[in-house]
Amino acid sequence: MADPKGFMTTPREEWPRRPVEERVRDWDEVYVPGALLPIVNRQADRCMDCGVPFCHEACPLGNLIPEWNDLVSRDDWRAAADRLHATNNFPEFTGRLCPAPCEAGCVLAINQPAVTIKNVEVAIADRAWSDGFAPPRPPDRLSGRTVAVIGSGPTGLAAAQQLTRAGHTVAVYERDDRLGGLMRYGIPEFKMEKRHLERRLEQMRAEGTKFRTSTTVGQDVGAADLRARYDAVVIATGATAWRELPVPGRELTGVHQAMEYLPLANRVCEGDLSASPLSAAGKHVVIVGGGDTGADCLGTAVREGAASVTQLDIYAQPDAERDEDAEPWPTYPKIYRLSAAHEEARDLETAPAAHADARLFAASTLHFEGDADGRVRSLHLVEVDAGRRPLDGSDRSLPADLVLLALGFSGPDRKDGLIDQLGLAMAPRGTITRDADFATSARGVFVAGDAARGQSLIVWAIAEGRAVAAAVDRYLTGSSQLPAPIGPYDRPMVV
């Protein structure tokens, strides 16, 4: 604890964002380059080095937050990077993409603004790369055992890196043409530039991990054949079966899933396309769904030059402060948050019919209407109460040339045949079942991440990858020294 009074004398200060008018004209990350390091030492000083640090419990990775806060405040970046990487394979991802449940669990947050844990984390990660503190760590010797990892999202990559470093020969199979899963084609460039992903992938290649892209297990490679070729298989395909909106007019042209829309915008940034076939340019866009994926669609549509963008959230607008009775500290509260995309929509006034930040709260979609050519032209909605019951006289319509459904995911997609070919048991909610060792009903086949847990956060995905790697290592060798931060049945803190 470098400054015992830091939490009393220093106010919270976050990484500043670039001006809205500037950042919506490009796809670069929204933050001011170089503006974090001048403030991060003082922010790390605000950490109280609590005797019982609940930030540890709030983060499934068990990040050693007070330790690396203290090291940053003392300018010991190498030691801070070592402590950060001791629990997290990819802090540059979580520091940009995680909603920071650790900050909700910060003891300071009981009655003050929390420590900027997420900003300190990303500062350490970026400094580790710039100063050479993240070299490849190939194993000293190989075990002679082989593992196939299916899926290259955060769970699959974390599992692969841990198993490679333990000495096993690991091959990662990815159905897309590039690695990264939703981090590649689901997360917009303005939230995380893909150079951060490429840098980590190069580290993994140097350590010995093999990658097989454009390979769908169950189609290009039989699942049973793959199982026969490897000593163990880890399924980390994520939860990619999107939820539908079964209302009249769903079949109209121009109504698309968010994950049909976002990958095309990312491919434009990758240089694969000159323009997206689903571009929002000049269109009235309505996004159905109030979560992070909907916000990603919002920021993307703004950058593509939409005529208007409105986001519908079925929940009522939350309060600005935590409800201590319903969601007491240290749980992660549902409060009003202004993402970079909502800030842009507010300043640019993209949705005249909505609230200030383009969101319509407590709004439920009734149906879509189209023109004679079968293209969507409007969305009809109604306001609802807390029980999602329609309020009389509140129905109205919004112009809509492009409707994006951002309603989340129910479980892994079964169309590739992987699950059926291996005969895996499934849970009623559509996820793959597993035992206390992350093992599926098929011998030697393990499952981790959203495919088994259901849709979750990136920190839970990485924690799952690290934990399943320990389970696989133990299965292959009889014991393991790899860390297992969570069990398969652990869940976030809730009331």
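- Between the side chain of Q112 and the backbone N or O of V107 there is no donor-acceptor pair closer than 3.5 Å.
- Distance CG/D292 to OG/S339: 8.0 Å, rounded to 0.5 Å.
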Take Q257 and L262, measure what side-chain contact (heavy atoms from CB on, under 4.5 Å) needs, and give me the verdict at the end. CA-CA 9 Å; Q257 288 284 348; L262 290 173; over 6 Å; no
Per-pair distances, 0.1 Å, donor-acceptor, side chain in residues 379-390, under 3.5 Å, sequence neighbours excluded:
{"residue": "H380", "atom": "NE2", "partner": "E369", "partner atom": "OE2", "Å": "3.4"}
{"residue": "D385", "atom": "OD1", "partner": "G387", "partner atom": "N", "Å": "2.9"}
{"residue": "D385", "atom": "OD1", "partner": "R388", "partner atom": "N", "Å": "3.1"}
{"residue": "D385", "atom": "OD1", "partner": "R389", "partner atom": "N", "Å": "2.8"}
{"residue": "D385", "atom": "OD2", "partner": "R389", "partner atom": "NE", "Å": "3.1"}
{"residue": "D385", "atom": "OD2", "partner": "R389", "partner atom": "NH2", "Å": "3.3"}
{"residue": "R388", "atom": "NH2", "partner": "Y315", "partner atom": "OH", "Å": "3.0"}

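- Applying the ring-ring contact (aromatic ring centres under 6.0 Å, His included) test to F93 and every residue at least two apart in sequence or in another chain returns F90.
- The shortest distance between side-chain heavy atoms of I124 and P91 does not fall below 4.5 Å.
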Starting from the C-alpha separation in whole Å, work towards a yes-or-no answer on side-chain contact (heavy atoms from CB on, under 4.5 Å) for V472 and V147. CA-CA 9 Å; V472 172; V147 182; 4.1 Å; yes
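- Here Y475 pairs with F446 under the ring-ring contact (aromatic ring centres under 6.0 Å, His included) rule; sequence neighbours left out.
- Annotation: the span from M493 atom CE to E57 atom CD amounts to 5.5 Å, rounded to 0.5 Å.
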Should R322 and E327 be marked as a salt bridge (charged side-chain N to carboxylate O under 4.0 Å, His left out) after you check the CA-CA gap, both sets of side-chain angles, and the distance that decides it? CA-CA 7 Å; R322 179 197 294 270; E327 297 173 310; over 6 Å; no
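- Remark: side-chain polar atoms of R243 are not paired, donor with acceptor, to backbone N or O of A406 under 3.5 angstrom.
- By the 4.5 Å heavy-atom criterion applied to side chains, L405 and I287 are not counted as neighbours.
- Using modelled atom types, no side-chain atom of N41 and backbone atom of R74 make a donor-acceptor pair closer than 3.5 Å.
- Although no hydrogens or angles enter the test, the distance criterion places no donor-acceptor pair under 3.5 Å between the side chain of H342 and the main chain of L338.
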List the atom pairs, with distances to 0.1 Å, where a side-chain N or O of residues 293-302 and a protein N or O form a donor-acceptor pair under 3.5 Å, not counting sequence neighbours.
{"residue": "D296", "atom": "OD1", "partner": "K191", "partner atom": "NZ", "Å": "3.1"}
{"residue": "T300", "atom": "OG1", "partner": "D296", "partner atom": "O", "Å": "2.8"}

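- Minimum heavy-atom separation, C59 to C102: CB-CB, 4.4 Å.
- Under a 3.5 Å cut-off, the side chain of K194 and the backbone N or O of M192 do form a donor-acceptor pair.
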Set out, in order, the CA-CA distance, both residues' side-chain angles and the distance that settles side chain to side chain donor-acceptor pair (under 3.5 Å) for Q43 and N119, then state yes or no. CA-CA 9 Å; Q43 294 305 303; N119 282 181; over 6 Å; no
With side-chain contact (heavy atoms from CB on, under 4.5 Å) as the test, would you mind laying out the steps for T440 and T433 before giving the verdict? CA-CA 6 Å; T440 70; T433 60; over 6 Å; no
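- With 3.5 Å as the limit, one finds no donor-acceptor pair spanning the side chains of Q455 and D450.
- With rounding to the nearest 0.5 Å, the separation of OG1 in T9 from CG in D45 is 8.0 Å.
- Residue M183 holds its CE atom at 8.0 Å from CG of L97, rounded to the nearest 0.5 Å.
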Walk me through it: do E344 and R17 pass the test salt bridge (charged side-chain N to carboxylate O under 4.0 Å, His left out)? CA-CA 11 Å; E344 293 157 7; R17 297 167 179 165; over 6 Å; no
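- Contact annotation: the side chain of R23 approaches that of R303 to within less than 4.5 Å [non-hydrogen atoms, C-beta and beyond].
- The closest donor-acceptor contact from the side chain of T10 to the backbone of F7 lies at 3.5 Å or more, if one exists at all.
- The backbone N or O of S152 sits less than 3.5 Å from a side-chain atom of E174, completing a donor-acceptor pair.
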Show, in sequence, the C-alpha distance, side-chain angles and deciding distance for K118 and E103, and conclude whether the salt bridge (charged side-chain N to carboxylate O under 4.0 Å, His left out) test is met. CA-CA 8 Å; K118 180 176 173 178; E103 294 188 14; over 6 Å; no
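- Counted by atom type alone, E189 and N266 present zero donor-acceptor pairs between their side chains at under 3.5 Å.
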Salt bridge (charged side-chain N to carboxylate O under 4.0 Å, His left out) between R78 and D82, worked out: CA-CA 6 Å; R78 180 183 290 276; D82 289 343; 6.0 Å; no
Audit row: V403, F368, side-chain contact (heavy atoms from CB on, under 4.5 Å) steps and yes/no: CA-CA 9 Å; V403 176; F368 305 114; 3.7 Å; yes
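- Put simply, the side chain of H56 reaches to within 4.5 Å of the side chain of P66, judged on heavy atoms.
- Of the possible donor and acceptor atoms, none in the side chain of T237 sits under 3.5 Å from a partner among the backbone N and O of G151.
- Between I419 atom CD1 and R414 atom CZ the span is 5.5 Å, to the nearest 0.5 Å.
- Counting heavy atoms from C-beta on, the side chains of Q203 and E198 never come closer than 4.5 Å.
- For the pair L157/R200, no side-chain contact is recorded, criterion being any heavy-atom separation below 4.5 Å from C-beta on.
- Between D70 atom CG and D76 atom CG the span is 9.0 Å, to the nearest 0.5 Å.
- With R18 as the partner, the side-chain contact (heavy atoms from CB on, under 4.5 Å) test is satisfied by one option alone out of V32, V24, V30: V32.
- Within the 3.5 Å criterion, the main-chain N or O of A125 finds no donor-acceptor partner in the side chain of E92.
- Checking side-chain atoms of E193 against main-chain N and O of E29 turns up a donor-acceptor pair under 3.5 Å.
- For the side chain to side chain donor-acceptor pair (under 3.5 Å) criterion with N88, the lone passing option out of E121, R83, R466 is E121.
- In this structure, L264 and E260 have side chains that are not in contact, with every pair of non-hydrogen atoms separated by 4.5 Å or more.
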Validation: residues 457-464 side-chain donor-acceptor distances under 3.5 Å, sequence neighbours left out:
{"residue": "E464", "atom": "OE1", "partner": "R434", "partner atom": "NH1", "Å": "2.7"}
{"residue": "E464", "atom": "OE1", "partner": "R434", "partner atom": "NH2", "Å": "3.3"}
{"residue": "E464", "atom": "OE1", "partner": "G449", "partner atom": "N", "Å": "2.7"}
{"residue": "E464", "atom": "OE2", "partner": "R434", "partner atom": "NH2", "Å": "2.8"}
{"residue": "E464", "atom": "OE2", "partner": "R453", "partner atom": "NE", "Å": "2.6"}
{"residue": "E464", "atom": "OE2", "partner": "R453", "partner atom": "NH2", "Å": "2.8"}

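- Cation-pi check for R178 over Y185 is not met; the charged atom does not lie both under 6.0 angstrom from the ring centroid and within 45 degrees of its normal.
- Under the ring-ring contact (aromatic ring centres under 6.0 Å, His included) criterion, Y31 pairs with W15, not counting sequence neighbours.
- Between the side chains of T209 and T164, at least one donor N or O lies within less than 3.5 Å of an accepting N or O.
- Between L108 and M48 the shortest side-chain heavy-atom distance falls below 4.5 Å.
- Residues D357 and R337 are not paired through a salt bridge, judged by the lack of any N-O separation under 4.0 Å between the basic side chain and the carboxylate.
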